[in-house]
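Some notes on the structure that comes next.
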Amino acid sequence: MKLRSVKGTSDVLPEQQAAWRRVREAAERVLGNAGAGQITVPLFEYAEVFEKSVGESSDIVVQKEMYVFEDRGGRTLALRPEFTAGLMRAFAEHGLHTRPLPVKLWSMGAAFRAENVQRGRYRQFHQVDYEVVGTESPLADAEAVQLMHRLLAECGLTRHVIVLGSVGDPEDRAAYNAYLRQQLEPRKAELSAVSVERLRLNPMRVFDSKDEKDQAVVAELDRPLDRLGEASRAHFEQVRRYLDAWGVPYRVDPSIVRGLDYYRRTAFEAHYEGIGAQSALGGGGRYDGLLKLLGGPDLPGIGFAFGVERVLDAMNEEGVLGPAARRPHLFLVPLDDEAVAEAATLATRLREAGTVEFAYQRRAPGKGLADADKRGATHAALRGESERARGVWELKDLASGEQRPASEDDLLALLESSA
Ligand code: HAM
């Protein structure tokens, strides 16, 4: 039997790495330039860390999307379904609140959710995550939205749309959820099973339903943004003023609700048309209270994460994943047995400057050039008896077909230049 990868996981092959590198470098530059320090946390934690954070009404808990397992010591652990919880656990554990506030962190890596697999929805996926802890200022909210927009633009995207809303303070939410219960309880029969369950746990999430009948029912109701308390409304307006001043494009979505329970006030998402039903590239919001819930100090926080696979899908849609600028890549072709060892020895020296491969056996010139081509080399250098006698290699530019004798120093200079 041929073994296969687990459904919903994927391999990233060598030729796909450049695109991943582009995303990673964009994150490093954009988030690093904003003063965020990179942090790496474990792929698994005590399940409690996540259960407490994402909340009992989140899909992750309700739909049992978390990969939970018991280790040999009988501890209940879970693979991380997202980054925020682990980052806040680490923040509390290392007392990062003693650093100058606000503290900004970013991370990139795999996350795991046992979901129904479809385009854009995987069981192992990757996120770029950004968090700011220690400020209530709406400036931090606006900055997070701006950074998400900027980061997607740095990845080459032009067609992403930012939607912005507010889910209010806990008191606003409680009052709003009471209103929704009152409105929706009598109409339960018209709602989908998922929405009935959401009505019980967190009525606001009914707005998240894709079901048309659910949508028709909630379309008549006040939306989260219509029922904000004074403080969260003022906060929201302030966030908007900053974004307007900076020229960050966004659309207000009065019914935005996020899939995780820890949000309050600002909530936002980035969407992209053309990558299928899972159009959310990323999302985030404010989560004041979460750090305290995990045993840390009572410091407010805000952040976002985007899904790397979805961003790559969008980059592909926009055609920004063309061949990257290439560095020289030299393939050495020994034309006789003696040249095999010479090629290997030369490669060890030249590799200090660039990419060098060689054939492990004597090759005929035509075969050797074909090998070089197949390996994606930009240049081939051939050596047989006559080249040895002259102390050179016969260098061929595989793109132009140009050919000239080259000393070992010439080859070194070629590799040091950029193609
Ligand atoms: P989230 O909305 O659950 O937020 O996930 C953020 C992004 O991760 C989604 O917009 C999507 O692009 C990607 N994503 C989520 N699940 C999958 C999946 N199964 N397959 C592929 N991509 C997926 C969070 O995770 C929050 N921790 C974001 C945050 C940070 N809020 C504050 N700080």
Side-chain angles (χ1 to χ4, degrees), residues 6-10 23 27 31 36 39 41 45 49-50 53-55 57-63 65-67 79-89 91 102 104-133 140-141 143-145 147-148 151-152 155 157 160-163 165 167 205 208 256-272 275-291 294 300-315:
V6 175
K7 185 173 171 192
T9 69
S10 53
V23 173
L31 302 176
I39 180 166
V41 296
E45 303 262 358
V49 171
F50 304 118
S53 309
V54 300
S57 79
S58 67
D59 289 342
I60 291 175
V61 169
V62 174
Q63 294 173 29
E65 288 173 2
M66 207 143 60
Y67 283 100
L79 297 182
R80 64 180 178 204
E82 56 110 53
F83 281 62
T84 314
L87 259 58
M88 290 310 112
R89 192 271 311 140
F91 190 99
K104 295 178 180 170
L105 301 168
W106 79 274
S107 195
M108 176 169 169
F112 308 84
R113 296 184 193 177
E115 302 204 71
N116 288 327
V117 176
Q118 53 173 278
R119 180 175 181 186
R121 182 176 274 171
Y122 311 107
R123 294 187 176 161
Q124 174 175 309
F125 59 100
H126 296 75
Q127 284 188 340
V128 167
D129 185 274
Y130 165 80
E131 312 290 353
V132 187
V133 180
D141 307 43
E143 185 185 37
V145 174
L147 287 171
M148 177 154 89
L151 186 40
L152 294 170
C155 290
L157 299 183
H160 54 287
V161 175
I162 306 268
V163 293
V167 294
R205 297 261 352 265
D208 239 5
I256 193 172
V257 287
R258 303 266 305 128
L260 306 165
D261 292 358
Y262 51 58
Y263 292 110
R264 49 207 56 188
R265 296 197 174 181
T266 309
F268 57 98
E269 286 176 350
H271 286 267
Y272 198 90
I275 54 166
Q278 302 308 313
S279 69
L281 294 179
R286 187 164 270 288
Y287 49 83
D288 305 352
L290 177 60
L291 187 57
L294 292 174
I302 175 147
F304 67 81
F306 68 70
V308 177
E309 286 82 356
R310 291 188 195 174
V311 168
L312 289 169
D313 198 354
M315 286 163 77

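All ligand and atom numbering here is 1-based and tracks the order in the structure.
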Residue, atom name and distance, where the atom is the protein heavy atom closest to [atom]:
{"atom": "atom 21 (C) of ligand 1", "answer": "Gly120 O, 3.2 Å"}
{"atom": "atom 20 (N) of ligand 1", "answer": "Tyr122 N, 2.9 Å"}
{"atom": "atom 11 (C) of ligand 1", "answer": "Arg310 NH1, 3.4 Å"}
{"atom": "atom 27 (N) of ligand 1", "answer": "Glu82 OE1, 2.5 Å"}

Could you verify whether a donor N or O on one side chain and an acceptor N or O on the other, from Thr84 and Tyr287, lie under 3.5 Å apart? no
Pair Glu82 + Arg113: basic N to acidic O under 4.0 Å: no
Check this for me, if you would: do Asp313 and Arg119 make a salt bridge, where the nitrogen-to-carboxylate-oxygen distance has to be below 4.0 angstrom? yes
Say whether [X], considering both its backbone and side-chain N or O atoms, lies within less than 3.5 Å of an N or O atom on ligand 1.
{"X": "Thr84", "result": "yes"}
{"X": "Arg113", "result": "yes"}
{"X": "Phe125", "result": "no"}
{"X": "Leu281", "result": "yes"}

Numbered atoms and elements of ligand 1 in range of [X], under 4.0 angstrom, heavy atoms:
{"X": "Gly284", "result": "31 (N)"}
{"X": "Gly307", "result": "7 (C), 8 (O), 12 (O), 13 (C)"}
{"X": "Arg121", "result": "19 (N), 20 (N)"}
{"X": "Tyr262", "result": "26 (C), 27 (N), 31 (N)"}

Can you tell which part of [X] has a heavy atom less than 4.0 Å from ligand 1: side chain, backbone, both or neither?
{"X": "Tyr287", "value": "side chain"}
{"X": "Gln127", "value": "side chain"}
{"X": "Arg258", "value": "side chain"}

Tell me whether ligand 1 is touched by His126 - counting only heavy atoms on the residue side and a distance under 4.0 Å. no
Can you classify the ring geometry of Tyr130 versus Phe304 as parallel (below 30°), tilted (30 to 60°) or perpendicular (above 60°)? tilted
Measure the shortest side-chain to side-chain distance between Leu157 and Leu281 over non-hydrogen atoms and say whether it is less than 4.5 angstrom. yes
Distance col, row Leu87:CG vs Leu294:CG, nearest 0.5 angstrom, shows 11.0 Å
